[in-house]
Amino acid sequence: PNDRTQCAGYEGSLVGERQEYLAEHARRERYALLGSPVVLVTTDDGSPSFNRHVDLGARIERFHAPFHATVDAALREHRPAWICSVHSFTPVFRGYARSMAAGVLFDRFDEDAARLAAAMTAEGLPTVLNEPYSGKAGLIYSAKRHGDAHDIPYLELEVRQDLLASPEQAAVVAGRLWRAWVRAGM
């Protein structure tokens with residue numbers, strides 16, 4: 001069955017669960033939210049499945065477009081040598097434990113990604129390439145978008161969320177990432 005049919009029976013509880021998770025994550029990370037989290041999932045045909053009453057155009061206009069315009073302006077003004085987008089992933093997904101501490105996602109820049117992954121592992125963060133998601137499968141958006149637009153190389157880092165559970169733990173991981181970045185000659 002297609003996504004819409006398969007999810008129809010439990011979409012409300014799934015959306016509620018994701019909204020609660022996002023609100024809790026924001027609270028833990030001390031993010032200021034402009035409103036309640038909104039979950040928008042698209043189906044295999046690209047149309048919204050959940051939150052059918054969400055005005056996608058308004059969301060793009062209010063959040064997505066201004067965010068990317070701000071990033072573009074910053075890149076024009078400061079032009080870094082690299083773009084590195086850092087994200088986190090759950091330690092367990094669909095019942096399977098994810099043992100790696102971190103991943104380096106890339107769709108190009110293979111040698112740079114491998115060098116950085118080795119440096120991150122040497123800094124105590126066992127790191128794998130293109131996991132838990134694959135840049136080669138198109139799962140890098142912002143870093144790729146801005147890297148391509150400004151002709152700046154880019155990578156995305158994924159760090160397991162349980163390693164970031166407190167500000168102190170996040171600071172330790174940030175230090176390791178910075179040392180790995182320098183060690184890799186990025």
Practice task
Report whether L157 and V172 are members of the same hydrophobic cluster (ILVMFWY, side-chain heavy atoms less than 4.5 Å apart, transitive linking).
Solution key: no
Problem - Considering all heavy atoms, the nearest S142-F67 contact - result: OG-CE2, 4.3 Å
Completion exercise
What one should report as the nearest heavy-atom pair of L163 and V173 is O-CG2, 3.5 Å
Handout entry: Distance (rounded to the nearest 0.5 Å) between M120 CE and R115 CZ
Key = 13.5 Å
Practice task
Nearest 0.5 Å please: distance from the CG atom of L105 over to the NZ atom of K136.
Solution key: 11.5 Å
Handout entry: Aromatic contact, Y141 with H68 (centres under 6.0 Å)
Key = yes
Cut-off 3.5 Å, no hydrogens considered: what does the side-chain donor-acceptor table look like for residues 175-186, sequence neighbours left out?
unit_1, atom_1, unit_2, atom_2, d
R176, NE, E123, O, 3.4
R179, NE, E123, OE1, 3.0
R179, NH1, G175, O, 3.4
R183, NH2, E123, OE2, 3.1

Problem - Non-neighbouring partners of A117 that pass side-chain contact (heavy atoms from CB on, under 4.5 Å), sequence neighbours left out - result: V104, T127, L129
Exercise for the section: Taking the side chain as every heavy atom from C-beta outward, state whether E131 and M100 have any pair of such atoms under 4.5 Å apart. Expected result: yes
Exercise for the section: Look at the side chain of N130 and the backbone N and O of F106, then say whether any donor-acceptor pair between them is shorter than 3.5 Å. Expected result: yes
Handout entry: Any side-chain heavy-atom pair of Y154 and D148 under 4.5 Å
Key = yes
Contacts table for residues 80-91: side-chain donor-acceptor under 3.5 angstrom, sequence neighbours left out:
unit_1, atom_1, unit_2, atom_2, d
S85, OG, H87, NE2, 2.7
S88, OG, Q161, NE2, 3.3
T90, OG1, V92, O, 3.0
T90, OG1, R98, NH1, 3.1

Handout entry: Pairwise distance CG(D72) to NE2(H146) - rounded to 0.5 angstrom
Key = 5.0 Å
Problem - Residue Q169 excluded, over 12 heavy atoms near CD under 6.0 Å - result: yes
